[in-house]
Amino acid sequence: MAGAKEIRTQIGSIKNTQKITRAMEMVAAAKMRKAQDRMLASRPYAEKMRQVIGHLALAHPEQKHPFMERREVKSVGYIIVSSDRGLCGGLNNNLFRSLVKEVKVLQEQGRGVRCCVVGNKAVAFFSRVGGQVLAQATHLGDAPHIEDLVGTVKVMLDAYTDGEVDEVRIAYNRFVNTMTQDPTVEQLVPLPEADEEERNKLKHHWDYIYEPDAREVLEDLLGRYVESLVYQAVVENGACEQSARMVAMKAASDNAGSLIDELELVYNKARQAAITQEISEIVSGAAAV
Amino acid sequence: MAMTVHVDIVSAEGELFSGQGEMIYAPAVMGELGIAPRHAPLVTRLKPGDVRVDPGGGKPMEHFYVSGGILEVQPFRVTIMADTGVRAADLDEAAALEAKRQAEEALANKSGQMEIAKAQAELAEAVAQLQTIEKLRKMKK
């Protein structure tokens, strides 16, 4: 019965693992609801902000803000948003993979790359592969605050103003639905232009009336723009993390279940074989007497 | 039919209003603005106060309270991005009064320069909220 005992302990340990993954699944499901609500609530604001900024990029202001000037791109800055914790399927790795592909193209063109990272996983990834990390922010928790991100964002924007990077992009997982997360890279500064439809409406040469004055309003508006987009990226990534974890943990629980079924079958066979052997031993023993 | 313009009011907590308006009134830093359809492009900061949208067609005015934000006007679209905003009917008078009292108190025993500025901002916000409530009450009568 030596084999049977081993199998039994194996089943026991898989059952324990299953308990853990099931608990994690439920926790992730509960957190996912909140994270999704948070994301959906702030989405309209970020979308409107993007639209207004798109208009602004088409305006012809008498005073140019540094964020509105396009320079020759010698190096690109990335703000990379990842999760703090693992066990969420391929979420972070998918993002990093698409990022690495982009970075390779940039390097082949002889352009430099600088990074600001948000979340433990990105920090770990970049310390492994190397790369110039300007700033990092970790342990944002389930309800991230803009204040926690301001420092990181500022480092990147300062690098832009100083000319160290000529373009800032943000990389994060966009939430499509619970099953699908989309690794996304977006341009933050210089301001991306509005889409085709809006552009047609604004083809003529025009500028805003600024109250009280252009510099002040632009400063305020662009500050809000970057903050809101980075915040939105972080909450989207948070919602992605929870749903990816839920799905991953559900798959793990299911796998553990089928593994247990298989092992139980093997165990029963072994037990049966042992009994049969015992009987045949007794019978042959009796026959000998 | 009178001309209308598409109005969107969003705050960081969610969308407040999206629809057509004949006239929009908003508290800009340089004074209250009234915006009609086909207004010239404009961006300005908002101070705490009430935003009103006249949907036209004899429908009642929509009231909102914003604690500041950005207003963007395009001839075909008006966008208000509020820091925090609520429908004016949801404003809590008791909470606003309490906030005003606290801000005044903080201002009375002022200590640091930063704190005074913060208290003043809070006071302005509470007063604006109360004014919005007052206006809404008058309208209802």
Side-chain angles (χ1 to χ4, degrees), chain A residues 37-61 63 65 68 143-146 194 197-225 227-232 234-235, chain B residues 5-19 24-49 51 53 64 66-87 90 114 118 121:
Chain A
D37 288 346
R38 206 173 292 124
M39 176 202 74
L40 290 175
S42 58
R43 231 181 207 178
Y45 187 87
E47 266 163 26
K48 287 291 160 223
M49 188 57 100
R50 227 175 257 143
Q51 201 175 61
V52 169
I53 291 298
H55 293 163
L56 189 65
L58 294 171
H60 301 269
Q63 194 171 10
H65 193 277
M68 298 165 76
H145 292 287
I146 291 188
E197 185 195 345
E198 301 277 319
R199 207 161 16 196
N200 284 336
K201 285 185 193 164
L202 297 169
K203 254 193 290 195
H204 55 288
H205 188 94
W206 61 283
D207 188 22
Y208 282 112
I209 304 166
Y210 300 94
E211 282 186 25
D213 72 276
R215 206 182 50 78
E216 204 174 306
V217 173
L218 285 180
E219 197 73 42
D220 195 41
L221 180 61
L222 294 172
R224 273 165 212 256
Y225 157 71
E227 265 173 30
S228 87
L229 255 61
V230 173
Y231 176 75
Q232 182 64 23
V234 171
V235 290
Chain B
V5 59
H6 189 84
V7 189
D8 286 304
I9 304 178
V10 292
S11 81
E13 284 107 48
E15 188 176 74
L16 287 171
F17 179 83
S18 175
I24 299 98
Y25 305 92
V29 279
M30 306 279 286
E32 179 143 310
L33 286 174
I35 292 147
R38 298 216 188 158
H39 190 288
L42 170 128
V43 270
T44 182
R45 285 219 312 262
L46 296 179
K47 61 184 181 191
V51 172
V53 179
F64 302 93
V66 297
S67 67
I70 299 267
L71 167 76
E72 192 230 13
V73 181
Q74 287 287 349
F76 51 92
R77 179 176 286 144
V78 175
T79 311
I80 293 173
M81 288 178 287
D83 295 343
T84 56
V86 286
R87 281 186 177 268
D90 299 340
M114 270 301 286
K118 197 169 159 240

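Just so we're clear, the structure is a prediction, and the values are computed from it rather than from any experiment. Note that these values count all heavy atoms, side chains included, but never hydrogens, waters or copies made by symmetry. Just so it is clear: chains get the letters A, B, ... in the order the sequence lines come, proteins before strands, and each one is counted from 1.
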| B:Pro41 vs A:Ile209 side-chain heavy atoms within contact, under 4.5 Å | no

| task | Please examine the side chains of B:Met81 and A:Tyr225, heavy atoms only from C-beta on, and report whether any two atoms are closer than 4.5 Å. | result | no

| task | Let me know if B:Val43 has heavy atoms under 4.5 Å from chain A in its side chain, its backbone, both or neither. | result | both

| What residue, out of A:Ala59, A:Pro212, A:Ser42, has the most heavy-atom pairs lying under 4.5 Å from chain B? | A:Pro212

| said: Can you confirm whether more than 12 heavy atoms, excluding those of B:Arg87, are under 6.0 Å from its CZ atom? | reply: yes

| remark: Output for pair (B:Ser11 OG, A:Lys48 NZ), nearest 0.5 Å, gives 13.5 Å

| Which bit of A:Asp207 comes within less than 4.5 Å of chain B, counting heavy atoms only: side chain, backbone, both or neither? | backbone

| said: Salt bridge check, A:Glu216 against B:Arg45: does any charged N sit closer than 4.0 Å to a carboxylate O? | reply: yes

| B:Glu72 and A:Tyr208 side chains, donor-acceptor separation under 3.5 Å | yes

| task | Determine the minimum heavy-atom distance between A:Glu211 and B:Thr44, stating which atoms define it. | result | O-OG1, 3.0 Å

| What are the two closest heavy atoms between B:Gly14 and A:Pro44, and how far apart are they? | C-CG, 4.4 Å

| field | Stepwise side-chain contact (heavy atoms from CB on, under 4.5 Å) test for A:Asp220 and B:Ile70 | value | CA-CA 9 Å; A:Asp220 195 41; B:Ile70 299 267; 3.6 Å; yes

| Residue pair A:Arg224, B:Asp83: steps toward the side-chain contact (heavy atoms from CB on, under 4.5 Å) verdict | CA-CA 10 Å; A:Arg224 273 165 212 256; B:Asp83 295 343; 2.3 Å; yes

